[in-house]
**Student:** 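Sharing a structure here in structure tokens format.
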Amino acid sequence: MAIYLTEKSKILVQGMTGGEGMRHTRRMLAAGTDVVGGVNPRKAGRTVDVDGRALPVFGTVREGIDATGADVTVVLVPPAFAGAAVMEAADAGIGLAVVITEGVPVHDAVAFHAHARSRGTRVIGPNCPGLITPGRSNAGIIPADITKPGRIGLVSKSGTLTYQLMHELRDVGFSTCVGIGGDPVVGTTHIDCLTAFQDDPDTELIVLIGEIGGDAEERAAAHIRDHVTKPVVAYIAGFTAPEGRTMGHAGAIVSGSSGTARAKKEALEAAGVQVGQTPTETAGLVLAHLEGGMRTAIG
């Protein structure tokens, strides 16, 4: 199984006809994703050839859903238009909106998240790499050739660290990898993904990647303590970051001891989570746990 995205997912790309949209549509198709069309009001009615596959361009998300049965949209439009794109998709009844766009104004993100929730649409992002269920579907910009299907679930604030852990654990593989984004306001949270992975029978172990700033990881630790029975291994980016500065993602703001990597590590460890000091050490903890579980099962 997987969470949020399977081989049955039908994907529209809002912004498909732009340069970035076309590039990432090609990558999604190459990964086996069922991309069924794009949305661009100015190019509605056209058909675009993408590596031998003719993809229709619709004027609205509603038209795309009616024609194809799409249930996922990948939003690859400029920041000024991202909010309207998500709201349109939610009003059309899309089940999942994956917002890759970086630089979305915070007040726009607040508005479209609230609107999407009221319509029953799950949002991942903004400013995220998307999600991938290896070997089955890829919605976003995550490289599909750096891992394989497996039994690890991954949820991460950082796109780059998502890729690194996927690569380091490529011999084991993943059920689903979700890049939730690092902006101050995101749709799907660590806790959402932890809950979904806990309920997924094919996910054996969960990897959580966080970073300095905010309290999302501390809240995730409390959720793990109370609701997650599967093993969780974590990595927190920013142990060497100087205090009192905004680092990296827009959400990575540290004030005093609140939001530091050390505080997050302590909260997670208190909940029974193993926390690596580096990505490579984190991957080693995952492998050691899985190998230990195999020995226990055999013995």
Side-chain angles (χ1 to χ4, degrees), residues 127-132 134 141-143 145-148 150-183 186 189-190 193-194 197 203-221 223-225 228 230-254 257-294:
N127 189 18
C128 76
L131 70 162
I132 182 171
I141 63 174
I142 296 175
D145 58 353
I146 58 174
T147 193
K148 67 178 184 180
R151 48 205 169 111
I152 303 169
L154 172 64
V155 53
S156 174
K157 274 187 177 180
S158 165
T160 302
L161 291 172
T162 299
Y163 312 154
Q164 182 168 353
L165 264 295
M166 286 173 62
H167 180 70
E168 297 226 18
L169 294 167
R170 62 194 179 278
D171 291 335
V172 179
F174 293 82
S175 53
T176 303
C177 303
V178 186
I180 60 174
D183 277 7
V186 295
T189 66
H190 284 120
C193 292
L194 287 165
F197 283 131
T203 296
E204 180 178 334
L205 179 147
I206 304 166
V207 176
L208 182 152
I209 300 177
E211 62 186 12
I212 57 173
D215 65 349
E217 294 79 5
E218 288 88 345
R219 286 185 280 115
H223 180 83
I224 292 166
R225 182 191 63 224
V228 178
K230 294 179 180 180
V232 182
V233 175
Y235 172 67
I236 305 298
F239 275 100
T240 60
E243 294 185 8
R245 296 185 185 178
T246 301
M247 304 292 292
H249 281 146
I253 301 172
V254 177
S257 62
S258 176
T260 64
R262 183 170 299 280
K264 294 175 185 297
K265 181 175 185 289
E266 290 173 354
L268 287 162
E269 289 179 335
V273 177
Q274 290 183 292
V275 182
Q277 289 286 115
T278 67
T280 299
E281 181 182 318
T282 304
L285 291 172
V286 172
L287 293 173
H289 187 94
L290 292 174
E291 290 168 0
M294 290 175 62

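Keep in mind that what you see is a predicted model, and the values were worked out from it rather than measured. Count residues from 1 along the sequence.
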**Student:** Output the distance between atom CG (Leu165) and atom OH (Tyr235), rounded to the nearest 0.5 Å.
**Tutor:** 9.5 Å
**Student:** Apply the side-chain contact (heavy atoms from CB on, under 4.5 Å) test between Ile132 and each candidate in Ile142, Leu154, Thr147; give the one that qualifies.
**Tutor:**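 When Ile142, Leu154, Thr147 are each tested with Ile132, the side-chain contact (heavy atoms from CB on, under 4.5 Å) holds only for Ile142.
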**Student:** Mind listing the closest non-hydrogen atom pair of Gly179 and Cys128 along with its distance?
**Tutor:** O-CB, 3.1 Å
**Student:** Do Arg219 and Thr189 make a side-chain contact, defined as non-hydrogen atoms from C-beta onward lying under 4.5 Å apart?
**Tutor:**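 They are not in side-chain contact.
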**Student:** Side chain of Lys264, backbone of Ile236: donor and acceptor closer than 3.5 Å?
**Tutor:**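 Checking the backbone N and O of Ile236 against the side chain of Lys264, no donor-acceptor pair under 3.5 Å is found.
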**Student:** Val275 and Glu269: which non-hydrogen atoms are nearest, and at how many Å?
**Tutor:**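 The answer is CG2-CG, 3.8 Å.
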**Student:** So, the side chain of Lys157 versus the backbone of Ile209: is there a donor-acceptor pair under 3.5 Å, distance only?
**Tutor:** no
**Student:** Between Val207 and Phe197, is any pair of side-chain heavy atoms under 4.5 Å apart?
**Tutor:**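 Side chain of Val207 against side chain of Phe197, heavy atoms only: no contact under 4.5 Å found.
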**Student:** Specify the closest pair of heavy atoms between Ala271 and Ala221, including all atoms of both residues, with the distance to one decimal.
**Tutor:**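 Closest heavy-atom pair between Ala271 and Ala221: CB-O, 3.3 Å.
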**Student:** Hey, is the main chain of Ile152 close enough, under 3.5 Å, to the side chain of Ser175 for a donor-acceptor pair?
**Tutor:** yes
**Student:** CZ of Phe174 to CG of Leu169: how many Å apart, nearest 0.5 Å?
**Tutor:**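 Taking CZ in Phe174 and CG in Leu169, the distance rounds to 4.5 Å.
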**Student:** Nearest 0.5 Å please: distance from the NE2 atom of His190 over to the CD1 atom of Ile180.
**Tutor:** 4.0 Å
**Student:** Return the minimal non-hydrogen interatomic distance between Glu281 and Gly276, and the atom names on each side.
**Tutor:**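 Shortest heavy-atom separation between Glu281 and Gly276 comes out as OE2-CA, 3.7 Å.
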**Student:** Just how far is it from atom CG of Leu194 to atom CG of Leu208, taken to the nearest 0.5 Å?
**Tutor:** 5.5 Å
**Student:** Is the backbone of Ala234 close enough, under 3.5 Å, to the side chain of Lys265 for a donor and an acceptor to pair up by distance?
**Tutor:**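 It does not hold such a pair.
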**Student:** Side-chain contact, heavy-atom cut-off 4.5 Å: Thr280 with Glu168?
**Tutor:** yes
**Student:** Would you name the heavy atoms of Gln164 and Pro279 that are closest together and state the gap between them?
**Tutor:** NE2-CB, 3.4 Å
**Student:** Any chance you could lay out the side-chain contact (heavy atoms from CB on, under 4.5 Å) test for Arg151 and Leu290, step after step, and finish with the verdict?
**Tutor:** CA-CA 10 Å; Arg151 48 205 169 111; Leu290 292 174; 3.9 Å; yes
**Student:** Say you draw a straight line from CD of Gln274 to OG1 of Thr282; how long is it, rounded to the nearest 0.5 Å?
**Tutor:**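 Those atoms lie 10.0 Å apart.
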**Student:** Would you name the heavy atoms of Gly159 and Pro129 that are closest together and state the gap between them?
**Tutor:** CA-CG, 3.9 Å
**Student:** Evaluate the criterion side-chain contact (heavy atoms from CB on, under 4.5 Å) for residue pair Val286 and Val172; output intermediate values, then yes/no.
**Tutor:** CA-CA 10 Å; Val286 172; Val172 179; 6.0 Å; no
**Student:** Roughly how far apart are Met166 CE and Thr162 OG1, rounded to 0.5 Å?
**Tutor:** 8.0 Å
